[in-house]
Amino acid sequence: MLKTKKTILITGATGFIGSNLSRRLLENKDNYLICVDNNSSGNISNLKDVLDNPRVEFIEHDIVKPFKINEKIDEIYNLACPASPVFYQGQNAIQTTKTCVYGAINMLEIARDNNAKILQSSTSEVYGNPLEHPQNEKYFGNVNSCGVRACYDEGKRCAESLFFDYNRIYNTKVKVVRIFNTYGPFMDKNDGRVVSNFICQALSGSDITVYGDGSQTRSFCYIDDLVEGLIKAMQSDDNIKGPINLGNPDEYTIKDFAEIIIKKINPNLKIIYKTLPLDDPIKRKPDITLARDVLCWEPKVSLFEGLDRTIEYFAN
Ligand code: UDP
């Protein structure tokens with residue numbers, strides 16, 4: 001192993017967020033990365049441009065199983081978990097909860113052994129179908145604990161509780177961030193998320209599939225902004241534990257979002273309406289006052305600019 005100033009463990013490293021974060025962290029020559037993934041929803045090709053770097057080590061491992069690591073770890077970004085509703089539900093539901101809960105315990109144990117800082121990628125899904133708008137970190141949420149999304153929502157909620165209990169009981173240095181809808185290069189074109197679906201449908205000349213009447217809202221954050229937020233959260237003072245919302249408050253209805261994509265890519269396309277998935281949240285928009293105050297962070301990339309870069313990525 002190459003000697004550097006800092007050793008950083010990233011779980012979910014071959015996923016969309018993990019691969020972008022890895023690339024960004026490697027820009028700092030002081031960082032050595034241990035990238036972990038079982039490649040179930042991530043893809044090793046997302047890291048192909050950095051795997052040869054002597055400051056990168058890749059370990060194929062499912063974080064549901066305990067994990068021994070010989071190097072001294074300084075920081076852990078725990079990102080591993082399928083994040084797309086079509087991927088985390090159904091036949092994968094139990095594995096999703098295990099990834100959230102056992103994965104959190106296994107990574108928290110590594111943090112405890114190493115006296116390392118550990119960041120948990122929590123989610124706007126902890127707010128469920130929110131009755132408060134926009135969502136502020138003090139809101140406790142409205143999750144259907146028996147529903148099809150509960151494996152992810154409740155799994156992530158349980159992971160948050162584990163993080164704060166490790167902090168209270170063992171003084172583990174924790175950071176919990178709640179990530180809202182994020183998009184950009186290295187999204188999986190087949191994972192069924194709205195941004196990748198709409199862009200890929202439009203690029204291939206297919207009609208755009210809006211679920212429900214399209215009046216539900218989402219607020220989209222460009223990946224580079226999110227990655228900056230993750231790094232700022234990790235570098236923040238130890239007394240800043242979160243939870244902290246990270247997202248872009250720029251809110252759109254899904255129908256308006258479809259029209260933006262149609263206008264940008266192919267104005268001849270039509271919208272077709274399909275059934276709204278069960279428990280699909282009606283509204284979502286982050287209140288990022290806390291991130292602005294304690295991390296001095298806010299998104300910089302507009303939806304139009306971010307979409308141009310993402311469309312270019314998918315077109316190539
Ligand atoms: N959606 C849609 N058409 C698609 C994919 C998604 O209308 O082809 C809707 C989905 O029902 C949800 C929103 O877009 O209301 C965002 O879905 P996504 O799966 O990207 O993320 P979520 O925020 O639901 O986790």
Side-chain angles (χ1 to χ4, degrees), residues 12 15-17 41 79 81-90 92-93 96 99-100 121-130 133-135 141-144 147-157 178-223 226 245-262 265-266 269-286 303 306-307 310-311 314:
F16 162 51
I17 295 177
S41 58
L79 309 178
C81 192
S84 169
V86 287
F87 260 107
Y88 64 62
Q89 307 179 2
N92 295 331
T96 298
T99 306
C100 293
S121 61
S122 191
T123 167
S124 54
E125 286 282 329
V126 301
Y127 301 119
N129 189 13
H133 195 74
Q135 293 80 53
N142 177 39
V143 172
N144 171 8
V148 290
R149 287 172 99 106
C151 55
Y152 185 75
D153 301 10
E154 298 290 10
K156 290 282 189 179
R157 287 170 71 97
R178 293 178 176 160
I179 300 174
F180 284 65
N181 295 67
T182 304
Y183 70 98
F186 297 95
M187 285 186 100
D188 179 354
K189 70 174 174 15
N190 295 318
D191 84 347
R193 311 291 315 254
V194 69
V195 177
S196 45
N197 268 12
F198 285 5
I199 292 177
C200 293
Q201 287 164 350
L203 287 172
S204 68
S206 312
D207 293 335
I208 306 296
T209 55
V210 166
Y211 301 158
D213 62 5
S215 63
Q216 71 272 33
T217 70
R218 293 294 186 274
S219 311
F220 300 102
C221 184
Y222 187 65
I223 183 65
L226 191 263
N245 289 340
L246 292 180
N248 191 324
D250 197 15
E251 183 187 14
Y252 295 85
T253 67
I254 295 302
K255 184 163 181 283
D256 286 347
F257 183 64
E259 273 154 11
I260 290 169
I261 298 287
I262 289 174
I265 300 179
N266 181 350
L269 297 176
K270 289 196 302 292
I271 292 177
I272 50 171
Y273 292 90
K274 298 206 161 181
T275 315
L276 188 69
L278 278 173
D279 288 338
D280 199 282
I282 308 261
K283 275 172 177 262
R284 185 182 287 155
K285 169 182 172 159
L303 181 71
L307 280 179
T310 311
I311 292 166
F314 280 117

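The figures here come from the full heavy-atom set of this structure, side chains too, leaving out hydrogens, waters and symmetry mates. The structure displayed is predicted, hence computed values, not measured ones. When a ligand or atom number is given, it counts from 1 through the structure's own listing order.
Near Gly192, meaning under 4.0 Å from any of its heavy atoms, are these atoms of ligand 1: 5 (C).
In this structure, atom 11 (O) of ligand 1 lies nearest to the protein heavy atom Asp280 OD2, 2.7 Å. Looking only at protein heavy atoms, the nearest one to atom 5 (C) of ligand 1 is Tyr211 CE1, 3.3 Å. Protein heavy atom closest to atom 3 (N) of ligand 1, with residue, atom name and distance, is Thr209 O, 2.7 Å.
A donor-acceptor pair under 3.5 Å is absent between the side-chain atoms of Gln216 and the main chain of Lys283, judged by distance alone.
Ligand 1 lies out of reach of Phe257, whose nearest heavy atom is not under 4.0 Å from it. The shortest heavy-atom distance from Arg149 to ligand 1 is under 4.0 Å. Contact analysis puts Arg284 in contact with ligand 1, with a non-hydrogen atom separation below 4.0 angstrom. Heavy-atom distances between Pro85 and ligand 1 reach below 4.0 Å in at least one pair.
At least one N/O-N/O distance between Val194 and ligand 1 falls below 3.5 Å. Remark: ligand 1 and Asn181 share an N or O pair separated by less than 3.5 Å (distance only, no angle test).
A salt bridge between Arg218 and Asp280 is present, with a side-chain N of the basic residue lying under 4.0 Å from a carboxylate O of the acidic one. A salt bridge between Lys156 and Glu125 is absent, with no side-chain N of the basic residue lying under 4.0 Å from a carboxylate O of the acidic one.
Residue Tyr183 is tested with Tyr252, Tyr222, Phe198 for a ring pair (Phe, Tyr, Trp, His ring centres under 6.0 Å); the sole match is Tyr222.
Residue-level proximity to ligand 1 for Gln216 is carried by the side chain, the only part with a heavy atom below 4.0 angstrom.
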